[in-house]
Novice: 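My questions will all concern the structure given below.
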Amino acid sequence: AQSSLTLFGVLDVGIARVDGSGVRRTGLSTGGANISRLGFRGVEDLGGGLSAGFWLEAGLDVDTGLGKSASGALAFNRRSTASLSGGFGELRLGRDDAATFLNTLIFDPFLTNGVGGNNAFIMLGAPIQQSNAISYLTPPSLGGFYGQLQVAPGEQPSTAPNRHEGDYAGLRAGYRSGALHVAAAWGRLHGATSDTELKIANAGVSWDFGFVRPSLLWAREERAAARMTAIELGATAPIGPGELRAQASRYDRADSNADWTKFAIGYGYNLSKRTQLYATVAHLHNSDGAQRSIGVQGLPATGTSLGGSSNGYEMGIRHAF
Amino acid sequence: AQSSLTLFGVLDVGIARVDGSGVRRTGLSTGGANISRLGFRGVEDLGGGLSAGFWLEAGLDVDTGLGKSASGALAFNRRSTASLSGGFGELRLGRDDAATFLNTLIFDPFLTNGVGGNNAFIMLGAPIQQSNAISYLTPPSLGGFYGQLQVAPGEQPSTAPNRHEGDYAGLRAGYRSGALHVAAAWGRLHGATSDTELKIANAGVSWDFGFVRPSLLWAREERAAARMTAIELGATAPIGPGELRAQASRYDRADSNADWTKFAIGYGYNLSKRTQLYATVAHLHNSDGAQRSIGVQGLPATGTSLGGSSNGYEMGIRHAF
Amino acid sequence: AQSSLTLFGVLDVGIARVDGSGVRRTGLSTGGANISRLGFRGVEDLGGGLSAGFWLEAGLDVDTGLGKSASGALAFNRRSTASLSGGFGELRLGRDDAATFLNTLIFDPFLTNGVGGNNAFIMLGAPIQQSNAISYLTPPSLGGFYGQLQVAPGEQPSTAPNRHEGDYAGLRAGYRSGALHVAAAWGRLHGATSDTELKIANAGVSWDFGFVRPSLLWAREERAAARMTAIELGATAPIGPGELRAQASRYDRADSNADWTKFAIGYGYNLSKRTQLYATVAHLHNSDGAQRSIGVQGLPATGTSLGGSSNGYEMGIRHAF
């Protein structure tokens, strides 16, 4: 049976400045265009249309050489899955991107990364990756339709005060054909008590006109009385040997004026298919009740005053292998 | 000179339920049939019958993407050795399986793993892997006889109150020919005071009748007045495109009635040489003085009451590369 | 475009004894001839004389299987860089050897390692590796001249009490042609207050007579009133299928008699280009105010009394792949 074993990765490192209310921080950043990573993946043809696959992927901080585990060392906590695939689709077990995270990446021109990205719309705690995940993914042959159902048990004992603590379920569905791509996702993460259950919903749409691909992304997270809604208008446009990326986004907290607005524009210049130089500038403005400031991987945000504003500047190199 | 460099690994992940005295826990498990791992190994032919080799092997938790170091990140603490091999055998330096551990793996139909395994007979603290190990292993050409002598200094200063603390020594000897495999091991691990010295002994035998391979494994650990003895009767049988695995084992604490009995049966269905689906069920019954319960990697035991019983159910996929 | 992807590493493990004032410690050491490591590196030809490259390198302790992150797990904190190279030289971003460290390795017959090495002349805290480093390196075609300029921001906020804390800058320049190699380096590391700024300087020279290559290395570190100077006279000589290595070094603390002297001699026997057996002995003598003792990776120093002496003995295998 045919099989493949692939070593892959991304090293993305840049020079960045972030500021907030006049306080600046300058240094090396990492993952400004794509998360730096090292991975191993493979596929084994089992015959009869079936295949088995595995995927191990560790995040990296190129500026320090550290990994992304809690201790700062390497772990495959970006993705660690084994799969069975066939005409029925794919059954995948392990740690993986949360189904509710993926749209916030796909419909952001900055892929959630760097000073310009939407930071995965982490608003009230929606997961980016999810441990203990069991996923069913549709096969690629559904005329443009695709979907994913994902459940991840919190593994509480059956007699725990809140036996569903940590249980996650997510559903993602989309349609991609020709110039159109549209998708939506819904999910729930059970908290420590029933009133801390987090409800997650998002939807995105993009249309590729050729010279520009505009996108619209909406996301909401709710927990008890707290509700945050984000909306991002984005565009990517092929210009010369690269791509212009821009976004404007608004984050609205329903029960307060802890809201903010972010604008970003950047350009990625392709030295090759694998290597890109990029530069991005971003501006964030807080409403009176908010004090969000721009930070990136490898260069923490400075913080800002209530109602203050924050800027980010980043130029770097993204090299894939 | 010819040489090889091999990237290898196992991703083993499943869905499991464990219970104890009626309390259940359900979720993803890892390593149910084989420990999940990622490794690098190589051999260099030095000429004249000599070769040099290295082996780096890290354990993985596929359900979380974490590794097996104390902090949860990756480390090659399953095995990290450099070797010189020749007609004389092999001299191996580094961290390696403890010589006294190996029989508890070889003669267990479940290879110590999952809900069905013997959990390496960890009773009073015998090591599974051992750091700072110096091993001599016999060459493969001794007419079926093989042996390993392993010493590992505890690296205490010569003036320490107990200068032998942590010193380990192990000896393993076996004979494998035709249908017969028999082996025994003895070892000592010096504790913090002389009366905490741990004495380890075990022996196993199996006979391959073709349609079934029964095995018997006996193990004892002693420290001061404490003495635990375990005995495991196992069998593997090729049935269809896979293997039936079963074991019954008894753990006896000499100085109390903290004893327990375990039964397990499972089947591994081979999708290919590299990929297996498996399912295992296990039952554990405690004597009045014991409260052991079944847990697996990635899904902790629930605990049980004194004299209670515990069950484990697991189905998963084991994919090797 | 042509490109390469290389998996590389070193496993170096030995048996060592270190002592101080009569207290001995015996066990397994690692990195006695070269630091044990695992790495991934690659180069992509971008055309027009340009190339992109990456380098990820993790240190290993073969005796325990652990890595070199703070938690003992694996991290690429030996080197983690992305580069653009061309006729202009190389621009390199990420974590890398400190420019001021490299001479202490190049001009030490023991490459800073094992019982015999100069321990990188870590005297008052000069860095070995440096995070957040931006380096320019000259191209290889300057008639034997080479140089490196390296800056690494400490990434303090602009309003921090000491906003330059952690800032590092280093310059290295050398000339290598025929039998001659000469190089010098200067650097500064800003401490928490201005009077804790560390000034680093070193210089080395070697001449290869063919049958022996003598070397001289001088290094100084200064912080406020503290000043340490080290001088090392070294030699390597090809003898038979290997290399003799020897050094004598003196460490002088300007403001006290906390000085010491070290002597070491060793031989590395090449089994192949990739595999070497080695043995080293070393002796260290303290002045009345010092209590330095020899320790190695994997086997900590025992300590010694004020004015006492210390010895180190090590034999091992270094295997590269």
Novice: Would you say the side-chain atoms of A:Arg24 and C:Thr159 include a donor-acceptor pair closer than 3.5 Å?
Specialist: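 There is no such pair between these side chains.
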Novice: Who are the salt bridge (Lys or Arg N to Asp or Glu O under 4.0 Å) partners of A:Arg17, not counting sequence neighbours?
Specialist: none
Novice: Of the backbone (N, CA, C, O) and the side chain (C-beta and beyond), which part of C:Leu93 lies under 4.5 Å from a heavy atom of chain A, both, or neither?
Specialist: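 Both parts, heavy atoms under 4.5 Å.
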Novice: Going through the checks in order, is the side-chain contact (heavy atoms from CB on, under 4.5 Å) test met by A:Leu277 and C:Leu84?
Specialist: CA-CA 10 Å; A:Leu277 301 179; C:Leu84 267 186; 4.0 Å; yes
Novice: Enter the distance from C:Glu44:CD to A:Thr275:OG1 here, rounded to the nearest 0.5 Å.
Specialist: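 The distance works out to 3.5 Å.
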Novice: Taking only heavy atoms into account, what residues of residues 126-136 of chain C are found under 4.5 Å from chain A?
Specialist: C:Ser131, C:Asn132, C:Ala133, C:Ile134
Novice: If you tally heavy-atom pairs under 4.5 Å against chain C, which of A:Asp19, A:Thr302, A:Leu66, A:Leu299 wins?
Specialist: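 With the most close heavy-atom pairs to chain C, the winner is A:Leu299.
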Novice: Let me know if A:Leu7 has heavy atoms under 4.5 Å from chain C in its side chain, its backbone, both or neither.
Specialist: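 Both the backbone and the side chain of A:Leu7 come within 4.5 Å of chain C.
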Novice: Nearest 0.5 Å please: distance from the CG atom of C:Leu56 over to the CZ atom of A:Phe321.
Specialist: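 Result: 6.0 Å between the selected atoms.
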Novice: Only pairs at least two apart or in different chains count here, so list each ring-ring contact (aromatic ring centres under 6.0 Å, His included) that has a residue in residues 299-319 of chain A.
Specialist: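 Of all non-adjacent pairs touching residues 299-319 of chain A, those that pass ring-ring contact (aromatic ring centres under 6.0 Å, His included) are A:His319-C:Phe54.
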Novice: Give, as side chain, backbone, both or neither, the part of A:Leu271 having an atom under 4.5 angstrom from any heavy atom of chain C.
Specialist: both
Novice: Let me know if C:Arg163 has heavy atoms under 4.5 Å from chain A in its side chain, its backbone, both or neither.
Specialist: side chain
Novice: Is there a side-chain contact between A:Leu11 and C:Trp55, using heavy atoms and a 4.5 Å cut-off?
Specialist: no
Novice: Mind checking what makes salt bridge (Lys or Arg N to Asp or Glu O under 4.0 Å) contact with C:Arg92, not counting sequence neighbours?
Specialist: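 Per chain and number, C:Arg92 pairs via salt bridge (Lys or Arg N to Asp or Glu O under 4.0 Å) with C:Glu90, C:Asp96.
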Novice: With rounding to the nearest 0.5 Å, note down the distance linking OG1 in A:Thr64 to CG in C:Asn77.
Specialist: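 Atom-to-atom, A:Thr64:OG1 and C:Asn77:CG are 8.0 Å apart.
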Novice: Kindly compute the distance separating OG (C:Ser69) from CG (A:Leu74), expressed to the nearest 0.5 Å.
Specialist: 8.5 Å
Novice: Would A:Thr26 and C:Glu155 count as having a side-chain donor-acceptor pair, cut-off 3.5 Å?
Specialist: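 No, no side-chain donor-acceptor contact under 3.5 Å.
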Novice: Please classify the contact of A:Asp61 with chain C as side chain, backbone, both or neither, using a heavy-atom distance under 4.5 Å.
Specialist: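 Only the backbone of A:Asp61 comes within 4.5 Å of chain C.
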Novice: Most heavy-atom pairs under 4.5 angstrom with chain A, which of C:Ser158, C:Ala152, C:Ala75, C:Pro157?
Specialist: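 The residue among C:Ser158, C:Ala152, C:Ala75, C:Pro157 with the greatest pair count is C:Ser158.
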Novice: OH of A:Tyr269: more than 12 outside heavy atoms within 6.0 angstrom?
Specialist: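 No, OH of A:Tyr269 has 12 or fewer neighbouring heavy atoms, counting only those of other groups under 6.0 Å.
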Novice: At their closest point, which heavy atom of C:Pro153 faces which heavy atom of A:Leu28, and how far apart are they?
Specialist: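 Taking C:Pro153 first and A:Leu28 second, the nearest heavy atoms are CG-N, 4.4 Å.
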Novice: If you count heavy-atom pairs under 4.5 Å with chain A, which of C:Arg95, C:Gln156, C:Arg79, C:Glu57 comes out on top?
Specialist: C:Arg95
